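Accompanying notes for the structure given below.
Worth saying up front: this structure is predicted, and the values here are computed from it rather than measured. In what follows, every heavy atom counts, from backbone to side chain, and hydrogens, waters and symmetry copies are set aside. Every number for a ligand or one of its atoms is a count from 1 in the order of the listing.
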Amino acid sequence: MSQILPSLERYHRPASLDEALRILHEGGASVMVLAGGVSLGMVPRRAVRGVVSIERLGLDAVEREGGTLRIGAGVTLGHLERMLAGDSPVERLLMVTVRRTATTPLRNLITAGGVIAGVGPWSDLPVALLALGADIVLNGTTVISIERFLADGPRSIAGAIISEIRMSVDGVKGGAFIKLGRNETDLAMASASVVVFDDGVQPRVRVAIGGLVSRPLRIEAVEESLTRGVIDRGALSELLGSLVTPRHDPRAEAVYRLDLAGTCVMDCFETATREASA
Ligand SMILES: Cc1cc2nc3c(=O)[nH]c(=O)nc-3n(C[C@H](O)[C@H](O)[C@H](O)COP(=O)(O)OP(=O)(O)OC[C@H]3O[C@@H](n4cnc5c(N)ncnc54)[C@H](O)[C@@H]3O)c2cc1C
């Protein structure tokens, strides 16, 4: 801990959200929320003097209420994987996504809220949540779409605690998530998720991609082309290239990432459409 949080003085384990928020408010930028702690291995926090653990805040339930699935921000991905049922397209999509995230030991630490608040180009679950049109709940009360959160970035929620992730399961007929890394457990070079909705009026799709830029992105222009059935694999990678400038790093060159993303989107679309029409 001394290497990772060299300035740490206080470790708080409050038993209520109000208390946790009070500590965060008083500590300002020198106090951070601590969930699974896995990000500390990636980003050392030299300025952090205090941490507020969310462990005792009771954010650990997975509930189905009417047509809504609610996931507590403190639920680990390992627990989530065990709680998800295979009989709904939404839960099947989340299960596939969680199983493609990191390794089993890490999934037993990484929390649903932590993977959102600590979002980066590598993030998997936020890609599927974006395609699903999920919302996040801040401080137990304020609901914002994950789409807005991802557009604004984690700094936009500084001082807040993500308490829950919720999404509608109604109208979701099919979904898919595909991630391509250098091996089974590596971070994504590119990923995509496609969800097919049908409310009885007109089917529509939502498309999200990961791995290419700093945070997952919804690609509305691709949604339109896929829905109208006017795009093939090559054209899709070209269209993506006209919309985003992918980063490159030792894992993959920008052009290669674009190709991979195009393939991920097309394969996801085929899988999600097949599920929707089964
Ligand atoms: C070896 C390794 C492999 C990985 N592989 C993958 C992978 O395959 N796929 C993937 O998607 N990610 C992967 N990750 C990244 C991991 O998912 C993120 O680091 C994630 O943020 C860890 O979640 P956590 O619960 O441990 O959060 P923490 O590390 O505790 O926190 C992460 C950040 O989010 C904030 N935070 C946490 N919870 C909340 C909350 N409820 N409200 C507000 N802020 C909060 C913290 O203050 C911190 O800034 C990997 C990381 C490592 C080290």
Residues 167-178 side chain polar contacts: donor-acceptor under 3.5 Å, at least two apart:
| unit_1 | atom_1 | unit_2 | atom_2 | d |
| --- | --- | --- | --- | --- |
| Ser168 | OG | Asp170 | N | 3.3 |

For residues 134-144, dump all side-chain donor-acceptor pairs below 3.5 Å to protein atoms at least two apart in sequence or in another chain.
| unit_1 | atom_1 | unit_2 | atom_2 | d |
| --- | --- | --- | --- | --- |
| Asn139 | OD1 | Ile161 | N | 2.8 |

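Listed by atom number, the atoms of ligand 1 under 4.0 Å from Ala160 heavy atoms are 43 (C). Near Arg45, the atoms of ligand 1 lying under 4.0 angstrom from a non-hydrogen atom of the residue are 48 (C), 49 (O). Listed by number with element, the atoms of ligand 1 under 4.0 Å from a non-hydrogen atom of Lys179 are 7 (C), 8 (O). Ligand 1 places these atoms under 4.0 Å from at least one heavy atom of Met32: 46 (C), 47 (O), 48 (C).
Using a 4.0 Å cut-off between charged nitrogen and carboxylate oxygen, Glu147 and Arg206 count as a salt-bridge pair.
Not one N or O on the side chain of Arg257 forms a donor-acceptor pair closer than 3.5 Å with the backbone of Pro246. A donor-acceptor pair under 3.5 Å is absent between the side-chain atoms of Lys179 and the main chain of Asp124, judged by distance alone.
When the heavy-atom distances from atom 28 (P) of ligand 1 to Gly37, Gly120, Pro121 are ranked, the shortest goes to Gly37.
Of all the heavy atoms of Pro154, none lies under 4.0 Å from any atom of ligand 1, so neither backbone nor side chain is involved. Neither the backbone nor the side chain of Thr103 has any atom closer than 4.0 Å to an atom of ligand 1 (non-hydrogen atoms only). Neither the backbone nor the side chain of Glu164 has a heavy atom within less than 4.0 Å of ligand 1.
The local environment of CZ in Arg22 is crowded, with over 12 non-hydrogen atoms from other residues, nucleotides or ligands closer than 6.0 Å.
Looking only at protein heavy atoms, the nearest one to atom 20 (C) of ligand 1 is Gly114 O, 3.6 Å. Nearest protein heavy-atom contact of atom 34 (O) of ligand 1 is Ala117 CB, 3.3 Å.
Residue contacts with ligand 1: Leu187 is placed with no nitrogen or oxygen under 3.5 Å of a nitrogen or oxygen of the ligand (distance criterion only). Residue Asp186 has no nitrogen or oxygen atom sitting less than 3.5 Å from a nitrogen or oxygen atom of ligand 1, judged on distance alone. Residue Ser39 has at least one N or O atom closer than 3.5 Å to an N or O atom of ligand 1. For Ile110, no nitrogen or oxygen atom sits less than 3.5 Å from a nitrogen or oxygen atom of ligand 1, counting backbone and side chain alike.
Distances from ligand 1 to the non-hydrogen atoms of Gly181 include no value under 4.0 Å.
Glu223 places none of its side-chain heavy atoms less than 4.5 Å from the side chain of Arg204.
In summary, the side chains of Ser39 and Arg45 do present a donor paired with an acceptor at a separation below 3.5 Å, with no hydrogens or angles considered.
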